[in-house]
Amino acid sequence: MAEPLALEHLLAHGRPSRHPVARCEDGMRDFGAFRARVAGWRAAFMAHGGQRYALFTEDTFDFATALLGAWHAGACVYLPADARPATLDALKAHVDGFAGRAPQGLSVLTPALVGEGNAPEFQPLSPRLAALVVYTSGSSGEPTAIPKRLSQLSSEVATLGALFDAEAGDVPVLATVSHQHIYGLLFRVLWPLTSGRPFDAHALPYPEDILAALQAGPGLLVASPAHLKRLPATLDWASVRGNLRGLFSSGGPLTPEALEACRDLLGRAPVEVYGSSETGGVAWRRRDTDDTPSWRTMPGVEVRADEDAFRVRSPHLDLPGGDWFTTEDRARAVPGGFELLGRRDRLLKLEEKRVSLSAMERTLVAGGLLREARVLPLTEGHRVILAVVGVPDAEGWKLQEAGGRRSLSQALREKLAPHFESSALPRRFRYLEAMPVNSQGKSTEAALAALFDPKRPPFRVLERSAERALLAVEVPANSPYFDGHFPGSPILPGVVQLEWALLLGREHFALPPDFLRLETLKFQQVIPPGAQLTVELTWAKESGRLGFKLTSAAGSHASGRIVLGGAVG
C-alpha cells in the first residue's frame with residue numbers, strides 16, 4: 001500500500017514520479033504527468049483571473065487535475081451535475097469562467113503546457129479554502145447549491161481511508177457513477193488520490209463495461225443502486241468474482257432485489273454508504289449474510305435519531321457553532337447504530353387540502369401492481385394536479401396488457417380512493433420499466449416531469465443493451481405536433497421523427513452533444529395519430545452513429561443514421 005497523504009499535502013508532499021494515478025485510453029498516467037497537468041491548470045486559472053470556475057468533463061484524469069489546479073490557484077470550483085445548455089447557462093451569473101464545457105458563445109479554459117521536469121513547487125492548501133460548490137440531485141425539487149470547505153472534504157477522505165483502506169488494497173478504482181456528484185468525487189477521485197490507489201479515467205455505464213473491466217484485472221467498484229439492480233444474470237459474473245476486491249453503493253436505498261443480485265452474481269454484498277450532498281458521509285453497513293437494516297455511524301459523526309426527524313453533527317459539515325443538521329429522513333436508534341424509516345413526508349396543499357406525496361407513494365406500492373412509484377405535482381393551466389410515474393410489477397404489466405394503460409391507472413386510483421380525498425387523486429400516469437436516473441443514480445423531479453411533456457412520446461422498453469434499445473412507442477393523438485400538419489389528414493412530421501429518435505437515444509445511451517449530419521435517411525410511409533410504433537435504436541460508439549428504425553403493424557415508416565460528435569457531456 002502507498003503512503004496515505006492528506007488532501008492539503010497531496011501536491012506539496014507528492015509521490016514518486018512513476019507512481020500510477022489514472023488508467024486512460026492511451027495508457028497509465030503517473031504522478032509526474034499528474035503533477036505537470038495540475039501545474040498547467042493552475043497557470044491557466046491564475047492567468048484568467050477570478051475566484052470561481054465551473055468544471056465539467058467526463059474524463060476523470062482531466063477532472064482531477066483541473067480541480068487541484070483550481071484549488072492551488074486559490075479558486076472555488078462549481079460542479080454542475082450535467083452539461084445541458086440550461087444547466088451551464090444558469091451558472092454564468094455565478095462563475096468567472098468555465099473549464100471542460102462552457103455555454104454556447106463562451107470559450108473554455110485549457111491548461112498551459114508544463115513539462116514534467118518544469119512543474120513548479122506546490123505549497124500546502126489551506127483547510128479553510130472555499131473549495132467547492134456541489135448541487136443536490138434535484139430529486140425533490142430544484143437542485144440546491146451546497147458550499148464545501150477543503151477541511152470538510154479532507155476530513156471525509158481521511159475517514160474513508162481509516163474505514164476501508166486495509167480491506168480495499170491497492171487495486172484500481174472502477175466506477176459507474178459521475179465524479180460531478182459528491183459521492184463520485186469522494187470515492188472515485190479524492191480517496192484514490194490520497195490513498196495512492198489508481199483510478200479509471202472513464203466511467204462504466206453498462207453492466208457489459210463492468211464485466212469487461214473486471215476481466216482485465218482486479219478492481220474496486222464504486223456503483224449506485226440504480227446500476228446494481230440492473231445486473232443481468234446472463235453475463236458471466238462468476239468468471240470475475242475473484243477480481244472484484246471491493247464494492248460500494250451510495251446515492252439511495254439499495255433494493256432487496258439489488259442486494260440479492262450482488263450476493264448471487266458478484267459474490268458479495270456492497271458496502272452501503274448513507275449520506276447526502278449536504279452532510280457528506282454519515283454511516284455505512286454491509287449485509288453479507290442477513291438483511292439487518294441498521295447502520296453504523298462513521299468515526300467522528302454524531303446522530304440524533306427519532307421518528308420525526310434525523311439530525312447529524314459531523315466534521316463533514318461546516319455549520320456555525322457545530323450545530324445539528326436536520327435531514328429529510330426519519331430514523332430510530334437501535335443498539336450499535338440506527339435504522340432508517342423512510343423520508344419525511346413531502347406535503348402539498350391541493351384544493352385547500354394538505355396531501356402527503358410520500359404517503360401516497362407508500363400506498364401505491366403497498367397496494368400491489370407497482371414496484372416503485374413517484375408522485376409529483378404538475379401545473380396545467382391555472383391548477384395543480386398530481387401525476388404518478390410507476391414501475392409496474394408482473395401483475396401490473398399484465399393488467400395494462402389486457403386492458404390498456406387506462407385500466408391500470410384506474411385500478412391504482414381505486415387503491416388510493418379509501419385513503420385520499422377524491423380531488424387529490426392523481427390524474428396523469430406514466431409507466432416505465434425502470435425509473436429514469438441521472439449520472440448520480442437519482443431520479444430528479446425535472447426528469448420525471450419531462451415524462452409528461454406533450455411533445456415527448458410515451459414509450460416502454462422491450463429490450464436494452466449497451467448498443468441497442470428496442471422500444472414500444474405510442475404516438476398520442478393529442479400531440480401538438482399534429483397541429484396544422486395537415487388539417488383533415490394529420491401526420492407526424494419527419495423532423496419530429498428525427499427528434500424523437502435523438503431524444504430517445506439520449507435517454508438510453510451516452511451520446512456526444514453535437515449533431516453533425518444525417519446518413520441514409522428514408523421515410524417510407526406516413527405515421528397517423530394513435531399509431532403504435534416499434535423503435536429500434538443502435539449506438540456505434542466508435543463511429544458516433546445512432547441508427548434508428550421506426551416500424552409498426554403497417555410496415556416500415558422511417559430509418560437512418562444520426563452522426564454525432566464532440567466531447568460526451
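What you see is a predicted model; the values in this text were computed from it and never measured.
Evaluated for a ring-ring contact (aromatic ring centres under 6.0 Å, His included) with H179, the options F63, W191, F199 yield exactly one hit, F63. Only one option out of V312, T159, T279 pairs with V301 in a side-chain contact (heavy atoms from CB on, under 4.5 Å); it is V312.
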Legend entry - Derivation of the side-chain contact (heavy atoms from CB on, under 4.5 Å) call for W41 and L55: CA-CA 12 Å; W41 275 113; L55 171 60; 5.7 Å; no
Legend entry - side-chain contact (heavy atoms from CB on, under 4.5 Å) assessment of L174 paired with I210: CA-CA 8 Å; L174 317 172; I210 299 172; 5.9 Å; no
Inset, instruction - Decide yes or no on side-chain contact (heavy atoms from CB on, under 4.5 Å) for R188 and T60, but give the supporting numbers first. - result: CA-CA 8 Å; R188 184 180 172 186; T60 305; 2.7 Å; yes
Inset, instruction - Could you go through the side-chain contact (heavy atoms from CB on, under 4.5 Å) check for E208 and L235 one step at a time? - result: CA-CA 8 Å; E208 294 84 355; L235 296 181; 4.3 Å; yes
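Between the side chains of S224 and H227, at least one donor-acceptor pair of N or O atoms lies under 3.5 Å. Under 3.5 Å, the side chains of S249 and E272 contain no donor-acceptor pair of N or O atoms.
Note that R296 lies outside the cation-pi zone of F338, set by a 6.0 Å cut-off to the ring centre and a 45° limit from the axis. For the pair R304 and W324, the cation-pi criterion (under 6.0 Å, within 45° of the ring axis) is fulfilled. F61 carries R29 over the face of its six-membered ring, with the cationic atom under 6.0 Å from the centre and within 45° of the normal.
One distance of note links CD1 of I146 with CD of E278; it measures 4.0 Å at 0.5 Å rounding. The distance from the OG1 atom of T57 to the CZ atom of R101 is 9.0 Å, given to the nearest 0.5 Å. A distance of 8.5 Å separates OG in S314 from CD in Q152, rounded to the nearest 0.5 Å. Residue L68 holds its CG atom at 6.5 Å from CG of L7, rounded to the nearest 0.5 Å. Interatomic distance, M435 CE to K229 NZ, rounded to the nearest 0.5 Å: 8.0 Å. The CG atom of D236 sits 11.0 Å away from the CG atom of L265 when rounded to the nearest 0.5 Å.
Side-chain contact between H202 and D59: present, with at least one pair of heavy atoms (C-beta onward) separated by less than 4.5 Å. Residues L266 and R241 are not in side-chain contact: their nearest non-hydrogen atoms beyond the backbone lie 4.5 Å or more apart. Between W295 and V282 the shortest side-chain heavy-atom distance does not fall below 4.5 Å. Contact annotation: the side chain of F509 approaches that of L537 to within less than 4.5 Å [non-hydrogen atoms, C-beta and beyond]. A 4.5 Å side-chain heavy-atom check between R545 and T538 finds every atom pair outside the cut-off. Annotation: side chain of R37 is in contact with side chain of P111 (closest heavy-atom distance under 4.5 Å). Annotation: side chain of M298 is in contact with side chain of L160 (closest heavy-atom distance under 4.5 Å). Between F310 and V303, the closest side-chain pair of non-hydrogen atoms falls below 4.5 Å.
When all heavy atoms of Y135 and S277 are compared, the pair lying nearest together is O-OG, 3.8 Å. Among all heavy-atom pairs drawn from P103 and K92, the shortest one is CG-CG, 3.7 Å. The shortest non-hydrogen separation linking A309 to T326 is CB-CG2, 3.9 Å. Closest approach of A130 and R149 over heavy atoms only: N-NH1, 4.1 Å. Between L125 and W71, the closest heavy-atom pair is CD2-O, 3.5 Å. Taking all atoms of both residues into account, the shortest heavy-atom contact from A450 to R456 is O-CD, 3.2 Å.
Looking at D30, its side chain never comes within 3.5 Å of a backbone N or O of H19 through a donor-acceptor pair. Of the possible donor and acceptor atoms, one in the side chain of R268 sits under 3.5 Å from a partner among the backbone N and O of L244. In this structure, the side chain of Q180 engages the main chain of P80 through a donor-acceptor pair within 3.5 Å. R197 places no side-chain N or O within 3.5 Å of a backbone atom of T194 that could act as its donor or acceptor partner. Remark: the backbone N or O of A331 is not paired with any side-chain donor or acceptor of E339 at under 3.5 angstrom. Under the 3.5 Å distance criterion, the side-chain polar atoms of R15 are left unmatched by any main-chain donor or acceptor of F31.
In the displayed structure, L113 atom CG is contacted under 6.0 Å by at most 12 heavy atoms of other residues, nucleotides or ligands. Other residues, nucleotides and ligands contribute more than 12 heavy atoms inside 6.0 Å of the CD atom of E3. Environment of CE in M46: sparse, with no more than 12 heavy atoms of neighbouring residues, nucleotides or ligands closer than 6.0 Å.
A salt bridge is defined here as a Lys NZ or Arg NE, NH1 or NH2 lying under 4.0 Å from an Asp or Glu carboxylate O, and R263 with D288 fails to meet this definition.
You'll find the ring centres of Y78 and Y53 outside the 6.0 Å limit. A centroid separation of 6.0 Å or more is found between the aromatic rings of W284 and F248.
Between F164 and F187, the ring planes lie tilted relative to each other; the angle falls in the 30° to 60° range.
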